[in-house]
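Before any comments, here is the structure.
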Amino acid sequence: MSVRVRMAPSPTGFLHIGNVRTALFNWLFARNKGGEFRLRIENTDTSREVEEATQQIQDSLRWLGLDWDGDVTFQLDRLQDCAAVAHRLVEEGKAYEDEGAIRFRMPDEGGTAWDDAVRGRIEFPNDKLEDLVLVRSDGRPTYNFASPMEDVWDGITHVIRGEDHISNTPKQINIIRAVGAEPPVYAHVSHVLGPDGKSLSKRHGSVTVDEFRHAGYYAPALMNFLALLGWSYDDKTTIMSRDELIERFSLDRVVPSPATFDYEKLDWLNGMYLRALSPEEYAAELVRYLRDEGYDWDEALIRRAAPIVQEKIERFGQFPDFAGFLFRDIEPDLALLNGAAPVVTAAREELQSVEPFAAPEIEAALRALADRLELSPRKAFEPIRVAVTGSKVSPGLFESLELLGREETLRRLSAAADRAAV
RNA sequence: GCCCCCGUGGUCGAACGGGCUAUGACGCCGGACUCUCAAUCCGGAAGUUGCGGGUUCGAGUCCCGCCGGGGGUACCA
């Protein structure tokens, strides 16, 4: 029988990173098995629904590359069906009316157990299960009723969700059995913790997929990183493509303990991915990112700048700070230019006649200049870098000057020399 | 309170039903390279596997008891 899983977020806001990791595990499992991955919006709690959340969730999943099968379904659309089942349960004596609401009769002897695909056998004593409300007095089904019913109707074979649902599971299993269906396989994955050790779940603010996107992370790298949060292929493999992840993923290698989100490692991984891109791909991704973020900088220049930043920055989000001097004027920190007026002036003189105005020729000229001034390259180039890029840290100096062009380079050198002389 | 889940260096994880000096990665420290920052390449430090018992020739792996963290205990999801 084919496998079918689902991601069932509630539309209360943006997708946070913990939820996305759960979605990723569902998706990887489905794709690995050649099954289906469905997207279902659990909007029974209308009071907390956020207008644009449904769209945001889909955008985030698409950006990460998690495609779902079939149409998106909404829990609220099943309202009538749920009510019908609840009434049937009342007729069968398995549920009863309670001040306008319908309550499910939980068994009070024995226990309810299941073999969790990541945690092994879990058992709850039935006398701890309270009769739960299936349908509120206003007619809307509750989550613990609607969710398992939808799993049944949708033919969900594996429910892969966060560990906060562990204690809901015995309730849902009893409901599913009461309607004469077979419970799916459950797999409860741990939470993702923030650097503070607190869970990144919906209740504690935290990081959304959108934030990672705006920060300039590369989706395939984020996917790779997320997959490694609680799952591993073996003890050595870190970098895996989307297809490798799909091929290798399995629930039995998902660990039950919570994982702390390590931004340093994500940054490193992201850098690895960006550096591995071909120059053309890198430039295209960079342009796309800057456009998404609203920068209207000249595309040709962005593309020319791409190669000189590729191995210097690990996120596209660092580009504006790192290479922005190519696109807008700068204001060098005078303190950094202190006493450097002679070098800057000399560099200006030297660069006036360099022909062509290209990195190799610029380098030769400036090295000769440093030599003449009896300064180490390190010493001589720093003020030039500051004068032209506005910072002590920049892409390669000679390449930067070439991209900036002779005219603008000379202008900035003059301006800096004037200011430093004051 | 009660029920349930979790616990390997700072972080992520490996160690198939117990067996070589606990494997790898990020980070950190040092070195090489160097126009800054990176990248890259070498090398290093870092774990009494939460604690205490027990079983065993031998335990991160099995048993018992604690401790710590988390989740649930709603006409929230």
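Note on naming: letters A, B, ... go to the chains in the order of the sequence lines (proteins, then strands), and numbering restarts at 1 for each one.
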task: Round to a whole Å and report the spacing from CZ of Arg253(A) to C1' of C12(B).
output: 14 Å
message: Classify Asn168(A) by what it touches in the nucleic acid, base, sugar-phosphate, or nothing, heavy-atom distance under 4.0 Å.
response: base
Whole-Å gap separating P (A77(B)) and CG (Leu132(A)): 11 Å
message: Does A77(B) have its OP1 or OP2 closer than 4.0 Å to a side-chain nitrogen or oxygen of Arg136(A)?
response: yes
message: Heavy atoms only, 4.0 Å cut-off, all strands: where does Asn144(A) land among base, sugar-phosphate and nothing?
response: base
message: Under 3.5 Å for both donor-acceptor distances, Watson-Crick or wobble: does C51(B) have a partner, and if so which one?
response: G65(B)
query: Can you tell me how far C1' in A25(B) sits from the matching atom in G9(B), rounded to whole Å?
result: 13 Å
message: Just the rounded figure in Å: distance from C1' of A77(B) to CZ of Phe74(A).
response: 16 Å
message: Within the 4.0 Å heavy-atom criterion, would you say Asp98(A) contacts the bases, only the backbone, or no part of the nucleic acid?
response: base
message: Can you check the distance between G19(B) and G60(B), where both ends of the measurement are the P atom (answer in whole Å)?
response: 9 Å
query: Reading nucleotides 28-46 of chain B 5' to 3', which nucleotides get B (base under 4.0 Å from a protein heavy atom), which S (sugar-phosphate only), which -?
result: -------BBBBSS------
Contact list (N/O, under 3.5 angstrom) for nucleotides 1-11 of chain B vs protein:
{"residue": "C2(B)", "atom": "O2'", "partner": "Lys128(A)", "partner atom": "NZ", "Å": "3.1"}
{"residue": "C5(B)", "atom": "O3'", "partner": "Arg119(A)", "partner atom": "NH1", "Å": "3.4"}
{"residue": "C5(B)", "atom": "O2'", "partner": "Arg119(A)", "partner atom": "NH1", "Å": "2.0"}

G53(B) and C67(B), which share atom name C1', separated by this distance in whole Å: 14 Å
- request: Find the distance Phe225(A):CZ to G13(B):P and express it as a whole number of Å.
  value: 10 Å
query: Quick one: are Tyr96(A) and Arg105(A) in side-chain contact, heavy atoms under 4.5 Å?
result: yes
field: Protein-nucleotide distance (His16(A), atom NE2; A77(B), atom C1'), rounded to Å
entry: 11 Å
message: Is it the case that the side chains of Tyr217(A) and Asp267(A) hold a donor-acceptor pair, with the cut-off being a distance below 3.5 Å and no angle test?
response: yes
message: Between U48(B) and C42(B), how far apart are the two P atoms, rounded to whole Å?
response: 29 Å
query: Across all strands, who's sitting opposite C57(B) as a Watson-Crick or G-U wobble pair, both distances under 3.5 Å?
result: G19(B)
- request: Let me know the distance between CE of Met240(A) and P of C26(B), rounded to the nearest Å.
  value: 14 Å
message: Distance check needed: C12(B) C1' versus Ile239(A) CD1, whole Å only.
response: 14 Å
- prompt: Side-chain donor-acceptor pair under 3.5 Å between Ser394(A) and Arg385(A), yes or no?
  reply: yes
- request: Please tell me which of Leu229(A) and Val135(A) maps to the more 5' nucleotide of RNA chain B, matching each residue to the nucleotide holding its nearest heavy atom.
  value: Leu229(A)
field: Integer angstrom distance from the C1' of A46(B) to that of U11(B)
entry: 13 Å
query: Taking atom types as modelled and ignoring hydrogens, do the side chains of Thr237(A) and Asp234(A) form a donor-acceptor contact shorter than 3.5 angstrom?
result: yes
Distance in angstrom units between Tyr143(A) OH and C76(B) C1', rounded: 11 Å
- prompt: Does any donor atom in the side chain of Arg38(A) or Thr73(A) lie under 3.5 Å from an acceptor atom in the other side chain?
  reply: no
query: Hey, does Glu130(A) reach any base, or is it just sugar-phosphate, or nothing, if we go heavy atoms under 4.0 Å?
result: sugar-phosphate
field: Base partner of G1(B), which must satisfy Watson-Crick or wobble distances under 3.5 Å
entry: U73(B)
message: Taking the nucleotide of RNA chain B with the nearest heavy atom to each, does Glu42(A) or Leu266(A) sit closer to the 5' end?
response: Leu266(A)
query: Just checking, any donor-acceptor pair under 3.5 angstrom between side chains of Thr112(A) and Asn174(A)?
result: yes
message: At 4.0 Å (heavy atoms only), tell me whether Ser232(A) reaches a base, stays on the sugar-phosphate, or touches nothing.
response: sugar-phosphate
task: Taking ring pair (Phe, Tyr, Trp, His ring centres under 6.0 Å) as the test, write out the residues that go with Trp268(A), two or more places apart.
output: none
- prompt: Of Arg6(A), Arg78(A), Arg4(A), which meets salt bridge (Lys or Arg N to Asp or Glu O under 4.0 Å) against Asp154(A)?
  reply: Arg78(A)
Who pairs with C28(B) - Watson-Crick or G-U, where each distance is under 3.5 Å: G44(B)
task: Quote, to the nearest angstrom, the P distance that separates U8(B) from U61(B).
output: 12 Å
- prompt: Say you pick atom C1' in A22(B) and the same atom in G69(B); how far apart are they, in whole Å?
  reply: 24 Å
query: What nucleic acid atoms does Val255(A) come within less than 4.0 Å of, heavy atoms only: base, sugar-phosphate, or nothing?
result: sugar-phosphate
Separation between the C1' atoms of C41(B) and U34(B), rounded to whole Å: 14 Å
field: Note: Glu407(A)-Arg411(A) ion pair, threshold 4.0 Å (strictly below)
entry: no
- request: Return yes if a side-chain donor-acceptor contact under 3.5 Å exists between Asp252(A) and Ser250(A), otherwise no.
  value: yes
- prompt: If we ignore angles and hydrogens, is there a donor and acceptor under 3.5 Å between the side chains of Asn168(A) and Asn144(A)?
  reply: yes
Test item: Pro307(A) and Tyr282(A) side chains (from C-beta on) under 4.5 Å apart, heavy atoms: no
